[in-house]
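The structure appears below as structure tokens.
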Amino acid sequence: IIVLVATNIAILLLLARLARIVRTAERSPLLRAGSRFPKLAEFEDLFAGSRENVAATRSFVVAFVSSGCPACAEALERFDALLESGLPQELQFFLCRVAGGEAAEPSPRSRVEAHAIAMSPAAIRKLNPAIAVPTYLFVESGRVVASGYVGNEDWEAFETQIISTGPNR
């Protein structure tokens with residue numbers, strides 16, 4: 001009987017663990033499409049110091065990467081190609097380097113680094129609660145229109161459109 005009880009407890013613990021894993025996998029690591037972009041001081045300062053919620057009227061991409069991440073190194077190359085193609089004038093690109101939930105100092109190694117922004121750990125967690133990398137948020141008129149991992153279907157469509165129609169093409 002003791003073995004049977006122990007086995008049942010082990011099974012229940014395993015099922016609870018699996019349920020937690022499934023719930024975590026279902027959650028997006030970033031703000032979801034359709035979400036309102038929060039008002040953050042870091043972005044107010046970037047947009048000419050305006051006191052209004054300028055993030056609500058602008059179009060921009062915020063990309064999250066981390067040092068020592070092979071997928072992030074590849075993502076940086078993709079960002080570099082995007083910037084080389086030329087973004088439309090109304091679209092801005094921001095790079096946020098993260099390290100264990102803390103903003104990491106950018107390294108001046110490519111044109112992408114010129115777009116690096118410093119964000120507080122609290123701001124990073126508002127936008128990217130799981131601190132997932134390499135990821136992005138595409139924001140238009142104050143709403144997230146796409147988010148996820150660099151290389152997902154939405155990113156591929158965005159990248160193809162920018163590279164094929166960019167001002168430098």
Side-chain angles (χ1 to χ4, degrees), residues 23-66 69 71-99 101-106 110-169:
R23 280 193 307 274
T24 302
E26 289 173 352
R27 281 184 271 167
S28 171
L30 302 158
L31 292 177
R32 290 181 182 254
S35 299
R36 181 168 284 295
F37 190 83
K39 186 171 182 173
L40 299 171
E42 288 87 346
F43 286 89
E44 300 307 309
D45 293 343
L46 288 170
F47 293 118
S50 173
R51 297 320 305 158
E52 64 182 278
N53 186 5
V54 290
T57 60
R58 305 287 176 103
S59 295
F60 55 94
V61 174
V62 181
F64 298 92
V65 296
S66 180
C69 160
C72 294
E74 182 181 317
L76 286 170
E77 291 175 16
R78 294 176 85 157
F79 302 153
D80 214 29
L82 274 180
L83 294 169
E84 187 177 322
S85 296
L87 296 176
Q89 186 175 0
E90 65 277 3
L91 178 66
Q92 292 187 283
F93 179 88
F94 301 110
L95 178 71
C96 179
R97 287 186 171 276
V98 297
E102 302 293 324
E105 290 299 314
S110 70
R111 73 178 57 77
V112 174
E113 301 302 340
H115 296 266
I117 59 172
M119 291 180 68
S120 69
I124 292 169
R125 287 207 183 279
K126 279 186 179 181
L127 303 178
N128 187 348
I131 313 298
V133 292
T135 53
Y136 70 95
L137 291 169
F138 179 45
V139 179
E140 195 168 67
S141 300
R143 293 243 175 236
V144 175
V145 293
S147 67
Y149 287 94
V150 173
N152 75 5
E153 189 175 304
D154 288 334
W155 178 264
E156 294 290 338
F158 168 72
E159 188 176 58
T160 300
Q161 179 183 2
I162 295 298
I163 290 176
S164 64
T165 62
N168 295 338
R169 290 285 174 237

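This is a predicted model, so every value here is computed, not measured. Numbering starts at 1 and runs along the sequence shown.
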Checklist line | Criterion ring pair (Phe, Tyr, Trp, His ring centres under 6.0 Å) on F138 and F158, from CA distance to verdict | finding: CA-CA 9 Å; F138 179 45; F158 168 72; 5.3 Å; yes

Next item on the list: Locate the shortest heavy-atom distance separating L76 from V112; write the atom from each residue and the value.
Entry: O-CG2, 3.7 Å

Checklist line | Rounded distance (nearest 0.5 Å) linking atom CG of L127 with atom CZ of F64 | finding: 4.5 Å

Note to self: Taking R32's backbone N and O only, do any of them form a donor-acceptor pair with S35's side chain (distance below 3.5 Å, no angle check)?
What the structure shows: yes

Check: Where do G148 and L30 come nearest, in terms of heavy atoms and distance?
Finding: N-CD1, 3.3 Å

Margin query: Check the orientation of F60 and F37. Use parallel for under 30°, tilted for 30 to 60°, and perpendicular for over 60°.
Written below: perpendicular

Check: Out of curiosity, L40 CG to S120 OG, how far, rounded to the nearest 0.5 Å?
Finding: 7.5 Å

Notebook entry, point to check: When rounded to the nearest 0.5 angstrom, what distance separates OG in S85 from CD in E159?
Noted result: 9.0 Å

Notebook entry, point to check: How long is the span from the CD1 atom in I117 to the CD atom in Q92, to the nearest 0.5 Å?
Noted result: 10.5 Å

Check: Taking all non-hydrogen atoms of both residues, which atom of S59 and which atom of E140 are closest, and how far apart?
Finding: OG-CG, 3.4 Å

Margin query: Using only atom types and a distance under 3.5 Å, with no angle test, would you say the side chain of R143 pairs donor to acceptor with the backbone of G34?
Written below: yes

Next item on the list: Look up atom CG in L95 and atom CE in M119, then write down how far apart they are to the nearest 0.5 Å.
Entry: 11.0 Å

Notebook entry, point to check: With ring centroids as reference points, do F93 and F79 lie under 6.0 angstrom apart?
Noted result: yes

Check: What pair of heavy atoms forms the shortest contact from V144 to S147, and how long is it?
Finding: CG1-CB, 4.0 Å

Item checked: Heavy-atom side-chain contact between L137 and V61 under 4.5 Å -> no

Margin query: Distance check, rounded to the nearest 0.5 Å: N128 atom CG versus L31 atom CG?
Written below: 8.5 Å

Next item on the list: Please name the pair of heavy atoms, one in V65 and one in P134, separated by the smallest distance, quoted to 0.1 Å.
Entry: CG1-CB, 4.3 Å

Check: Is the shortest heavy-atom distance from the side chain of V133 to the side chain of V98 under 4.5 Å?
Finding: yes

Next item on the list: Answer with yes or no after comparing the ring centroid distance for W155 and Y149 against a 6.0 Å cut-off, counting only values under it.
Entry: no

